[in-house]
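To keep things clear, I will list the structure first and then write my remarks on it.
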Amino acid sequence: MLDIKLIREQADLVKQRLASRGAGDELRIDEVLRLDEQRRKLLGEVEELKALRNRVSKEIGILMGRKETAAAEAKKGETRDIGERIAALDRQVAEVESAREAILLRLPNLPHSSVALGKTAEENPVMRTWGDKASFGFKPKDHVQICNQLKLVDFERGAKLSGSGFLLYTGWGARLERALIQLLLDLHVREHGYTEVSPPFIINRDCMVGVGQFPKFEDQAYAVQEGKDTSTLGKLYLLPTAEAPVANIHREEMLNDTQLPIRYVAYSPCFRAEAGAAGLGTRGMIRVHQFDKVELIKIVRPEEGFDELEKMVANAEKVLQILGLHYRVIMLCTGDMGFASAKTYDIEVWAPGQGTYLEVSSCSNCEEFQSRRMNLKFKTQSGDKIHPHLLNGSGTALARLFVALLETHQQEDGSIRIPAPLQPYLHTDRIVP
RNA sequence: GGAGAGAUGGCUGAGUGGUCGAAAGCGACGGUUUGCUAAACCGUUAUACGAGUUAAAUCGUAUCGGGGGUUCGAAUCCCCCUCUCUCCGCCA
């Protein structure tokens, strides 16, 4: 959520930076300002009436104490109708306030000044690449062929269980997936200093609003119901990313400066309805409704936010480096950035069988956009209470990593060479037909 | 799922209709005293929104788990919900 004070005081700046996203959000600013002004005007009126009521009530109390009942009754008559006027004004305030809130919750974050201007993904600058595209002395297969031949994933039966876009990992495939999760968690915990957490996979609405997933992208989530009746529960949702629960761990809290920076790493499955992407548009494991991911979350002082973002990207890159996978890091331009982010780097891994780069990580600094939504603050050394920066990054998504790994390390004989760091987890150096 | 108990400021905990934003204690912070430390003593110690100011000061409103109601007035009475604890049932 954007700071309403910033919108009030620097409306032109806010409009200009929203406009750089190219989604037309700047057109809502004047409406916000109008509602905000209306709200303050109504607040002034109703608070004045409440002050009057409080004053008279207090006098009545004193009169009652002195047993001057008649005088007290007279005063009651005086204030009786004030209550109705207050109630009416309160309703108006609530209306205006929720209209204002509805827009504010749907306005995306302002892109950071260091972000490249652009409209589409074509304009995302490449920051760096690592390694080289794998070359083969034979015709490389794509991951679907490999999975079928080595019986790593049973696509048909996955669809039988849950529908298209759900995967059934089998045999070495299931073991490989588990080994990767373990490797990634250990890497970030032991070498990068993150604290491992394991969140619930079913989360409430507040988590979704807190990270900016809701209300704008409500149709992307799977809502769950308990049995027949959810009337008293409110809706719960399958997490689209571990970011949603983990970033919310300290929601509504006042942290101490000494607690920062906080770094969490979590494994979770991720559930994406992908509404509007009928049939998902891709075959195999590239785009599915459920995939595993190891997620990185940081809560940091604002002045450290962008340094910590660079470190987070480096942490995610390390995953690909130790697995010997060629990748590139791109910066998302203003037009391609996600809703909550002020600055985002994507890491794209090379998948030889696809002949394309696949996004396996997206690392963002959301600045205080999310911490304001979730009322998360910390007390600085000088005693100020301010919102910390919240960062999230994939470290990394698994399904596509799985694809790149198979396609990169496939051998002419149909086997898969397992990179050394993964071998202790999988207890083999090769997956053979 | 059933029965009961509870939710108050950073923490413990008092408060069953009227100067209660809230006693007391602890903690924290500032000060005095002190050879040093400790102790003692004095003081300060919530958040949000709005008005105000260059900035403060200051003023107003709201907040005692959340929402609604009764009343001139609610931490206190009524209703609904959530969560925590204890016991029973069920269960991995």
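Across the C1' atoms, B:A56 and B:A51 are found 15 Å apart, a figure rounded to whole Å. Distance noted for atom P between B:G17 and B:C78: 12 Å (whole Å). On the C1' atoms, B:U84 is 32 Å away from B:G73, given to the nearest whole Å. Comparing B:G6 with B:G13, their P atoms are spaced 13 Å from each other, to the whole Å. As rounded to the nearest Å, B:A55 and B:C72 have P atoms that lie 42 Å from one another. B:A75 sits 13 Å from B:G18 when the C1' atoms are compared, rounded to a whole Å. B:U34 and B:G50 are spaced 50 Å apart, taking the P atom of each and rounding to whole Å.
In this structure, A:Lys377 reaches the B:A48 phosphate: one of its side-chain N or O atoms is under 4.0 Å from OP1 or OP2.
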Might you list the N or O atoms of the protein lying below 3.5 Å from N or O atoms in nucleotides 51-60 of chain B, with each pair's distance?
unit_1 : atom_1 : unit_2  : atom_2 : d
B:A51  : OP1    : A:Arg40 : NH1    : 3.2
B:G60  : N2     : A:Glu47 : OE1    : 3.0
B:G60  : N2     : A:Glu47 : OE2    : 3.4

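Using a 30° and 60° split on the angle between ring planes, A:Tyr267 and A:Phe201 fall in the perpendicular class, above 60°.
A:Lys41 has its NZ atom 18 Å from the C1' atom of B:C49, to the nearest Å. Atom-to-atom, CG of A:Asp3 to C1' of B:C49 comes out at 13 Å; the value is rounded to the nearest Å.
As judged by a 4.0 angstrom heavy-atom cut-off over every strand, A:Lys379 is placed among residues making no nucleic acid contact. Residue contacts shown for A:Ser57 include a base, since a base heavy atom lies under 4.0 Å away. Among the heavy atoms of the strands lying under 4.0 Å from A:Leu43 are primed sugar atoms or P, OP1, OP2 only; no base atom is included.
Between the side chain of A:Thr408 and the main chain of A:Leu405, no donor-acceptor pair closer than 3.5 Å is present.
Here the side chain of A:Arg39 is nearest to one of B:U19, B:C49, B:G73, namely B:C49. Across B:G18, B:A62, B:C49, the shortest atom-to-atom separation from the side chain of A:Lys5 is found for B:C49.
With salt bridges taken as basic N to acidic carboxylate O contacts below 4.0 Å, one links A:Asp206 and A:Arg251.
Surrounding NZ of A:Lys15 are more than 12 heavy atoms belonging to other residues, nucleotides or ligands, all under 6.0 Å away.
Between A:Phe369 and A:Phe339, the ring center distance clears the sub-6.0 Å criterion.
Between A:Ile29 and the options A:Leu107, A:Ile103, A:Asp12, a side-chain contact (heavy atoms from CB on, under 4.5 Å) holds for only A:Leu107. Among A:Leu167, A:Val360, A:Leu176, A:Asp292, the single residue meeting the side-chain contact (heavy atoms from CB on, under 4.5 Å) criterion with A:Phe402 is A:Leu176.
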